Amino acid sequence: MAKVNIMRLLPSVDELFKHEKLAALNESIPAVRIKNSVRDALTALREEYLARKDDPDFIPYDEDEIVEKVLSRILAEHETSLKKVINGTGIVIHTNLGRSLLPEVVRDALLDAAFSYNNLEYDLKSGQRGSRYTHLESTIKELTGAEDVLVVNNNAAAVMLALNTMVQGREAIISRGELVEIGGSFRVPEVLKMSGGFLREVGTTNKTHLYDYEEAICEETGILLKVHTSNYHIIGFTETVDGRDLAELGRKHDIPVVEDLGSGLFVDLSKYGLEYEPTVRDTLAKGVDVVTFSGDKLLGGPQAGIIVGRKKYIQAMKKNQLTRALRVDKMTISALEATLRLYLDEDRAMAAIPTMRMLTLTLEELAHRAEVLYRNLLRKVKTCHLDVVDCQSQVGGGSLPQERLPSRAVTIVPMNMSLNDFERRMRLGKYHVIGKIHKERYELDVRTFLEGDMEKIVDAVKLALKDNGRASAE
Ligand SMILES: *Cc1c(COP(=O)(O)O)cnc(C)c1O
């Protein structure tokens with residue numbers, strides 16, 4: 001290249017800003033964002049030019065190339081942070097991918113809640129101030145047989161509120177086998193400490209007997225606490241105390257029993273071939289005084305923490321100042337109400353709630369899906385090896401940790417790039433497909449696909465396999 005000042009070849013911010021291709025973005029992207037991105041892009045180009053100014057092979061970009069670079073930078077910088085992804089992991093309640101998907105009927109409820117005024121805290125009958133907690137009461141009572149109900153932000157908040165209200169300065173007796181940590185940040189002993197209570201551990205990691213609880217009961221005892229060991233399972237020589245026996249012991253000593261169920265279920269899933277897990281109704285029927293559970297795990301609704309049980313304890317929680325800080329908003333109430341109403345008819349719930357539907361898909365349906373995707377890929381993409389294999393999906397969200405659901409996966413092995421490159425391209429590409437590398441293959445479990453995902457996946461694979469020359473050089 002001749003000895004000209006190559007920096008001179010770069011356009012100015014203003015020149016670029018006025019370029020017709022960029023001006024067209026003005027409709028959808030605020031001008032300050034465009035200007036900032038143009039400035040950033042030019043800085044990057046200037047640095048690149050400077051670094052390569054003595055490189056005889058360096059050819060400065062032409063105007064079109066520069067505009068393309070700036071354009072893609074603007075679009076990338078203006079993307080929303082929260083993005084749709086395609087879940088090819090087969091983990092139905094994937095906490096990192098947003099847990100449960102809401103049923104379609106929730107759409108209208110959410111739109112109404114968002115764009116109209118409503119009676120959130122207004123009693124239409126009396127024309128007086130009302131309570132936001134009344135909206136979900138009757139449906140939850142009907143579904144669980146509970147005396148009273150309170151819904152808060154999530155189950156962690158529900159447990160904290162229950163403990164803060166019922167233990168306060170006294171002890172919660174809990175089995176050593178149930179001192180669990182869930183999702184890295186919810187640790188039962190810490191939550192208890194934060195709620196102003198003290199821990200009284202009884203039994204051992206693998207075995208706790210009723211007499212262990214009984215011997216620990218004293219003046220200082222506030223509650224007997226039972227926590228679902230959601231995300232792990234102790235196998236072998238084990239013994240735990242059932243809620244029924246604990247409830248009886250509690251009644252004998254006039255001490256309330258609280259159970260954190262974790263997931264919370266309204267349907268007995270063993271009818272559908274899954275492991276038996278007690279429903280919320282079954283747990284209350286055992287005599288447990290207060291039960292807490294999540295809204296967005298197996299229940300398949302929005303993020304929420306539901307507390308059900310005896311009126312006197314729930315009333316005390318409603319009066320607790322903490323409740324104001326943990327309260328749910330109108331969007332949650334409307335989404336939860338619409339989801340819960342589906343459970344009044346079990347068949348409808350199983351068909352309409354995505355979490356329930358995905359968990360109970362038959363192997364036949366899954367095999368068909370896998371076959372369709374496999375054939376479409378076979379027709380449309382060349383440079384990879386494809387196959388359909390048996391796999392096992394997980395429930396996720398710390399629910400039914402033992403359960404492995406037989407499923408089918410389509411596997412892809414690219415010919416011209418590494419599996420890691422391919423996985424990264426699928427993840428970062430237009431559709432953000434999340435799959436996993438397993439046994440030296442890229443695997444997509446079809447269980448967690450949504451309507452329309454398969455077409456997008458074919459497109460994503462085509463795009464990911466393109467220009468692999470550059471990918472391997474990156
Ligand atoms: C998941 C879980 C929680 C936390 O519930 P969030 O709704 O995520 O706050 C608490 N306890 C148990 C046993 C759980 O499984």
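Bear in mind the structure is a predicted one, so any value in this text is a computation, not a measurement. All ligand and atom numbering here is 1-based and tracks the order in the structure. The figures here come from the full heavy-atom set of this structure, side chains too, leaving out hydrogens, waters and symmetry mates.
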For [X], the ligand 1 atoms whose distance to one of its heavy atoms is below 4.0 Å:
X    : answer
S294 : 5 (O), 6 (P), 7 (O)
F186 : 10 (C), 11 (N)
H228 : 13 (C)
G262 : 12 (C), 13 (C), 14 (C), 15 (O)
D260 : 10 (C), 11 (N), 12 (C), 13 (C)
A156 : 4 (C), 5 (O), 6 (P), 9 (O)

Ligand 1 versus Q303, non-hydrogen atoms closer than 4.0 Å: side chain, backbone, both, neither? neither
Just one of D387, L377, N376, V372 clears the side-chain contact (heavy atoms from CB on, under 4.5 Å) bar with V410, so which one? L377
Just checking, any donor-acceptor pair under 3.5 angstrom between side chains of T355 and S100? yes
Between the side chains of N206 and T204, is a donor N or O closer than 3.5 angstrom to an acceptor N or O? yes
Nitrogen or oxygen of S263 less than 3.5 angstrom from that of ligand 1: no
Hey, is D148 close enough to K318 for a salt bridge, meaning N to O under 4.0 Å? yes
Carboxylate-amine/guanidinium contact K252 E214, below 4.0 Å: yes
Where is the tightest heavy-atom contact between R408 and C391, given as atom of each residue plus distance? C-SG, 3.6 Å
Checking salt bridge (charged side-chain N to carboxylate O under 4.0 Å, His left out) for the pair E259/K226: CA distance, chi angles, key distance, verdict? CA-CA 5 Å; E259 181 159 356; K226 202 166 160 54; 5.3 Å; no
Are R99 and ligand 1 in contact, using a heavy-atom cut-off of under 4.0 Å? yes
